[in-house]
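Per chain, numbering begins at 1; letters A, B, ... match sequence-line order. Predicted model, so just to flag it, every value in this text is computed and none were measured. All heavy atoms count here, side chains included; hydrogens, waters and symmetry mates do not.
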Amino acid sequence: MSVDARQSLLCWYAVDKRRLPWRAEAGERADPYRVWLSEIMLQQTTVAAVKPYFERFTTKWPDVGALAAADEADVMREWAGLGYYARARNLVACARVVAGDHGGRFPDSEAALLKLPGIGRYTAAAIAAIAFGRRAVVIDGNVERVVSRLYAIATPLPAARAEIRARTDALTPDEGAGDFAQAMMDLGATICTPRRPACAICPLRPHCAAFHEGDPERYPVKPPKAARPRRTGTAFWLEHDGHVLLVRRPASGLLGGMLALPTESPAQAKWTDAGAVDHVFTHFALTMTLSCARVDARPEGLWWPIERIGEAGLPTLFARLAERGLAWREAAAQAA
DNA sequence: CAAACGTGGAT
DNA sequence: TATCCAAGTTT
């Protein structure tokens, strides 16, 4: 049954696989740099969101040596808006290890890849299989969903992971593990979707225990999620001579390493309330109010030209607050 | 092992 | 509007 299911999947993939910028054409060799970069960007991030970033990154930094030589601040700026910013810091760190310790070539074993910054169990297996043709058991959210349905695994996550791994291992071929993994992920992304899966056109339907039970959407069984708390905060828009004061956030923690508006008062000034921005993070919702002021003296700090604020590489929360700052500025100019 | 860590699109 | 969720990793 496993072999039949695998063959059905691979035949479907041969015809219906997605064409993606980081994917090699049939018969072509995948570029480990592009595979790695795409895998990092795709962590918890949709293909549609990744595409323009992948295009810009590979244009600006065509290979791992170029990325290793880049200024970290430039990389953070290019990553702005994509989220999970620790990935960008780890991206640079990883490129530098590969350039410095591995002669500019990615290691081709799962174990060696796993030691690199930002590469965990999934990504190490994916790169080993897709870029280097190694046999590796590749398990992401798609594979978890497809396998838990295929075998109607009723154990809730995360306890089900041991069985999912064993089942995926049994399905994974000795040759072509990369195509198999990508086929599973394409199936999960386009047919075996979380909601309203398209079982009518699924190549695995004849083999799928969840389909035969009649309610595939029930799998994988997930634990209830914790409620998302709401928090409040204040950001400060301080102007001087056509420039606005920015800060570099600490390397770790929320929006770590990114440029931002100050979130503590940077100066004595006549602050004006310029409204608020609601922003939802994974683990809490935030209402951040914006206080604006103009000063004649110029405190020490990073002053960014206001007309080029769009190029600063602010994460989305602060980009939205900056929009408010610009609106405040317009209103102040009208009044004057 | 649970919690921290972003964002935008779909329902 | 509220909730879910997308090619996870780190602490």
Side-chain angles (χ1 to χ4, degrees), chain A residues 17-18 20-23 30 34-54 76 79-91 93-94 113-131 136-146 157-159 161-162 168 178 180-190 192-197 217 220 222-231 249-258 260 277-286 288 313-320:
Chain A
K17 65 178 160 192
R18 292 178 292 175
L20 300 169
W22 44 87
R23 231 175 226 183
R34 294 167 67 87
V35 172
W36 163 71
L37 180 60
S38 68
E39 290 299 344
I40 302 300
M41 288 184 165
L42 286 161
Q43 288 167 5
Q44 299 290 286
T45 308
T46 58
V47 166
V50 163
K51 277 181 176 172
Y53 284 85
F54 182 82
M76 302 308 283
W79 197 276
L82 197 56
Y84 285 149
Y85 298 99
R87 292 184 295 173
R89 297 179 64 79
N90 284 146
L91 194 76
C94 182
L113 287 161
L114 194 52
K115 293 181 177 162
L116 297 171
I119 296 183
R121 202 170 188 190
Y122 158 76
T123 304
I127 296 173
I130 297 168
V137 180
V138 180
I139 302 174
D140 73 331
N142 289 302
V143 176
E144 275 187 356
R145 185 169 58 257
V146 172
L157 292 173
R161 296 219 161 98
T168 306
F180 172 75
Q182 292 176 93
M184 290 285 276
M185 294 191 280
D186 272 19
L187 189 78
T190 63
C192 193
T193 49
R195 279 167 293 184
R196 299 174 56 84
E217 216 169 310
K222 295 187 175 181
K225 293 196 173 168
R228 181 156 43 209
R230 171 164 292 283
R231 299 182 192 164
R249 293 177 62 83
S252 66
L254 191 72
L255 308 176
M258 299 301 286
V277 164
D278 283 307
H279 194 78
V280 180
F281 294 102
T282 303
H283 53 299
F284 67 96
L286 177 66
M288 186 159 264
L314 298 177
T316 301
L317 165 65
F318 288 103
R320 289 180 176 156

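- In terms of position on DNA chain B, the residue among A:Leu314 and A:Arg195 whose nearest nucleotide sits closer to the 5' end is A:Leu314.
- Of the P atoms belonging to B:dC5 and C:dA2, the separation is 23 Å, rounded to the nearest Å.
- The heavy-atom pair separating A:Ala227 from A:Pro229 by the smallest distance is O-CD, 3.4 Å.
- Distances shorter than 4.0 Å separate some side-chain N or O of A:Tyr85 from OP1 or OP2 on B:dT7.
- Neither OP1 nor OP2 of C:dC4 sits under 4.0 Å from any side-chain N or O of A:Arg228.
- At least one side-chain nitrogen or oxygen of A:His279 sits closer than 4.0 Å to the OP1 or OP2 atom of B:dT7.
- Side-chain proximity of A:Lys225 to the nucleotides B:dG6, C:dC5, C:dA7 is greatest for C:dC5.
- C:dC5 and B:dG6 have their C1' atoms separated by 13 Å, given to the nearest Å.
- Note on A:Lys222: every side-chain N or O is 4.0 Å or more away from OP1 and OP2 of C:dC4.
- When distances are taken from the side chain of A:Thr45 to each of C:dT9, C:dA7, B:dG6, the shortest belongs to B:dG6.
- One side chain, A:Glu39 or A:Tyr122, offers a donor N or O that lies under 3.5 Å from an acceptor on the other.
- Within the 4.0 angstrom heavy-atom criterion, base atoms lie near A:Arg18.
- Rounded to whole Å, the separation between the P atoms of B:dT11 and C:dA7 comes to 15 Å.
- Of the candidates B:dC5, C:dA7, B:dT7, B:dC5 carries the atom nearest the A:Tyr84 side chain, counting heavy atoms from C-beta on.
- Residue contacts for A:Ile127: at a heavy-atom cut-off of 4.0 Å it reaches no nucleic acid atom on any strand shown.
- For the pair A:Gln44 and C:dA6, the criterion of a side-chain N or O lying under 4.0 Å from OP1 or OP2 is not met.
- The shortest heavy-atom contact between A:Leu157 and A:Pro220 is CD1-CB, 4.0 Å.
- When the nucleotides C:dT10, B:dG6, C:dA7 are ranked by their closest atom to the side chain of A:Asn90, C:dT10 comes out on top.
- Residue A:Asp140 contributes atom CG, which lies 13 Å from atom C1' of C:dC5 at whole-angstrom precision.
- Nearest-nucleotide mapping onto DNA chain C: of A:Thr46 and A:Ile119, the residue sitting toward the 5' end is A:Thr46.
- Within the nucleic acid shown, A:Trp79 has no heavy atom closer than 4.0 Å to any nucleic acid atom.
- Taking atom NZ on A:Lys115 and atom P on C:dT10, their separation rounds to 14 Å, with Å as the unit.
- Spacing between atom CE of A:Met76 and atom C1' of B:dG6 amounts to 12 Å, rounded to whole angstrom units.
- Within the nucleic acid shown, A:Gly188 has no heavy atom closer than 4.0 Å to any nucleic acid atom.
- Using a 4.0 Å heavy-atom criterion, one finds that A:Thr123 contacts the sugar-phosphate atoms exclusively.
- Among the atoms of the strands shown, none is found under 4.0 Å from any heavy atom of A:Arg89.
- Using a 4.0 Å cut-off between a side-chain N of Lys or Arg and a carboxylate O of Asp or Glu, A:Asp186 and A:Arg18 qualify as a salt bridge.
- Close to B:dT7, at under 4.0 Å from its OP1 or OP2, lies a side-chain N or O of A:Thr316.
- The CG-P distance, from A:Leu255 to B:dC5, rounds to 9 Å in whole Å.
- Of the candidate nucleotides C:dG8, C:dA6, C:dA7, C:dG8 has the atom lying nearest to any side-chain atom of A:Gln43.
- Taking atom CG of A:Asp278 as the reference point, atom P of B:dG8 lies 14 Å away to the nearest angstrom.
- Within 4.0 Å (heavy atoms only), A:Val50 reaches no atom of the nucleic acid at all.
- Per the geometry, CG belonging to A:Leu42 stands 8 Å off P belonging to C:dG8, to the nearest Å.
- One distance of note links OH of A:Tyr53 with CE of A:Met41; it measures 9.0 Å at 0.5 Å rounding.
- Looking at the side chain of A:Pro194, the nearest of the listed nucleotides C:dC5, B:dT7, C:dT10 is C:dC5.
- No contact: A:Arg196 has no heavy atom under 4.0 Å from any strand.
- Using cut-offs of 30° and 60° on the angle between ring planes, the pair A:Phe281 and A:His279 is perpendicular.
- At least one side-chain nitrogen or oxygen of A:His283 sits closer than 4.0 Å to the OP1 or OP2 atom of B:dC5.
- The side-chain heavy atoms of A:Thr45 and A:Arg87, taken from C-beta on, include a pair separated by under 4.5 Å.
- Residue A:Thr282 comes nearest to A:Tyr84 through the heavy atom pair OG1-OH, 3.3 Å, listed as atom of the first residue, atom of the second, then distance.
- Evaluation of atom-type donor-acceptor distances gives no pair under 3.5 Å for the side chain of A:Arg87 against the base of C:dA7.
- A:Leu82 places its CG atom 14 Å from the C1' atom of B:dG9, with the value rounded to the nearest Å.
- Among the atoms of the strands shown, none is found under 4.0 Å from any heavy atom of A:Ile40.
- Spacing between atom CZ of A:Arg145 and atom P of C:dC4 amounts to 15 Å, rounded to whole angstrom units.
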